[in-house]
Each structure stands twice: as structure tokens, then as C-alpha cells.
Amino acid sequence: MKRNYYDLDDGEFAAAMAASAFAICSLEEKAGFQHQTKTRGSVIRPAETEIMTITPTTNDKMQNGISRGSRKAENEADAWEKAQIAKIRKRHDELLSALLAWENEKKMMAKQQMERRKNQLELAMKRNLQHYKNKLARIDHITKGARTQAEEKRRYEESIVKEKSNKIRLTGNGPVTCFCF
């Protein structure tokens with residue numbers, strides 16, 4: 001079943017796929033960066049070259065390094081991150097399946113076109129061979145007719161020569177040649 005994105009020209013479709021892949025990579029990189037900033041201890045920012053460290057104090061009501069509210073926030077952050085990554089992967093999988101469907105359709109169309117051309121070439125070769133056979137048959141027919149005519153002419157000319165030679169034998173005179181002016 002064709003979808004509307006198949007209606008795009010090959011170049012437009014390729015550009016759309018490249019833009020989609022770039023957007024997905026950007027989202028994945030952003031998600032990876034956010035994951036790095038959520039880790040406890042150090043925070044890395046791309047604009048800064050220094051690493052800032054956060055040290056827990058006893059006055060912040062932190063017991064064993066993490067408070068209950070912070071655990072809840074961390075669990076929510078992890079759940080949100082997993083949901084976002086799942087969405088990204090789902091979109092990525094849909095994109096890959098769309099690419100695969102497009103690729104398969106294009107390959108199938110190319111194969112059908114190749115088969116059509118192959119059949120046309122085979123038909124043209126059959127026609128050419130038949131034309132060649134017809135030409136040979138016509139040449140054979142003409143040659144046979146010409147041989148028959150040549151044979152008949154030879155027999156006729158030989159019969160004339162035999163008649164004249166018989167006359168010469170009967171009369172004893174040679175053939176008469178006329179020198180008319």
C-alpha cells in the first residue's frame with residue numbers, strides 16, 4: 001500500500017530522509033547530554049571547560065548522599081528519559097521500516113523494468129532471427145529460379161548448336177555468316 005511520502009521525487013525523498021535522520025541524531029545526542037548532567041557529582045557544560053562539583057552537606061537533610069525528594073525526582077527523570085528514548089527509538093524504527101519499504105518498492109520496480117526490457121530484447125531477437133530466415137529462404141528461392149533459367153537457356157542454346165551441326169553434316173556446308181553493310 002503506497003503512502004503519500006512515496007509520491008515525492010527520489011531526490012526529495014532522500015533529502016527528507018536525511019533531515020529526519022539528522023533530527024533523530026540530534027535528539028539522541030541531546031538526550032545523552034541531559035543524561036550526563038543528571039549524574040550525581042560533576043556537571044559538564046559544553047560552553048565551560050571547568051568541571052563544577054557539588055558536595056553534599058549535612059544541613060541539606062541528605063542522608064547517605066540522596067534525600068527522599070531527590071530519589072523521587074531522579075526516578076521521575078529516569079522514567080521520563082526512558083519514555084523519551086522509547087519514543088525516539090519507535091520513530092527511528094518507523095523511519096527504518098519506511099526506508100525499507102521504499103527501497104523494496106524501488107528495487108521491485110527496477111526489476112520489473114529490467115524484466116520488461118529483457119522480454120522486449122528477446123522478442124526483438126526472435127523477430128530478427130525470423131527476418132533472417134525469411135531473407136535466406138527468399139535468396140534460396142531466387143537462386144533456384146535463376147539456376148533453373150540458366151539451365152533451360154543452356155539446353156536451348158545447345159539444341160540450336162546441335163541442329164546447326166546436323167544441318168552442316170547433311171549439307172556439308174559451314175555456317176553462313178552475313179556481312180551486311
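These values consider heavy atoms only, across backbone and side chains, with no hydrogens, waters or symmetry-generated copies.
The side chain to side chain donor-acceptor pair (under 3.5 Å) check on Glu115 picks up nothing, with sequence neighbours excluded. In terms of the side chain to side chain donor-acceptor pair (under 3.5 Å) criterion, Asp140 has no residue partners (sequence neighbours excluded).
Distance check, rounded to the nearest 0.5 Å: CG of Leu123 to CG of Asn128 gives 11.0 Å. The line from NZ of Lys126 to CD of Glu122 is 6.5 Å long, rounded to the nearest 0.5 Å. With rounding to the nearest 0.5 Å, the separation of CG in Leu100 from CG in Asn104 is 4.5 Å. Expressed to the nearest 0.5 Å, how far OG of Ser165 lies from CD of Glu158 amounts to 11.0 Å. Within the model, atoms CD1 of Ile88 and CD of Gln84 stand 6.5 Å from one another, a figure rounded to the nearest 0.5 Å. For the atom pair CG of Leu136 and NE2 of His141, the computed distance is 14.5 Å after rounding to the nearest 0.5 Å.
In this structure the side chain of Lys72 reaches within 4.5 angstrom of the side chain of Glu76, judged on heavy atoms.
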message: Between Lys135 and His131, is the side chain to side chain contact (heavy atoms under 4.5 Å, CB included) condition met? List the steps.
response: CA-CA 6 Å; Lys135 223 176 200 180; His131 180 70; 4.2 Å; yes
query: Yes or no on side chain to side chain contact (heavy atoms under 4.5 Å, CB included) for Val161 and Glu157, after CA distance, side-chain angles and deciding distance?
result: CA-CA 6 Å; Val161 169; Glu157 289 175 353; 5.6 Å; no
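In this structure, Met108 places its CE atom where more than 12 heavy-atom neighbours from other residues, nucleotides or ligands lie under 6.0 Å away.
Using a 3.5 Å distance cut-off with no hydrogens or angles, the side chains of Asn166 and Arg169 do pair a donor with an acceptor.
Ile24 and Trp102 fall within a single hydrophobic cluster, where Ile, Leu, Val, Met, Phe, Trp and Tyr side chains are chained together by heavy-atom contacts under 4.5 Å.
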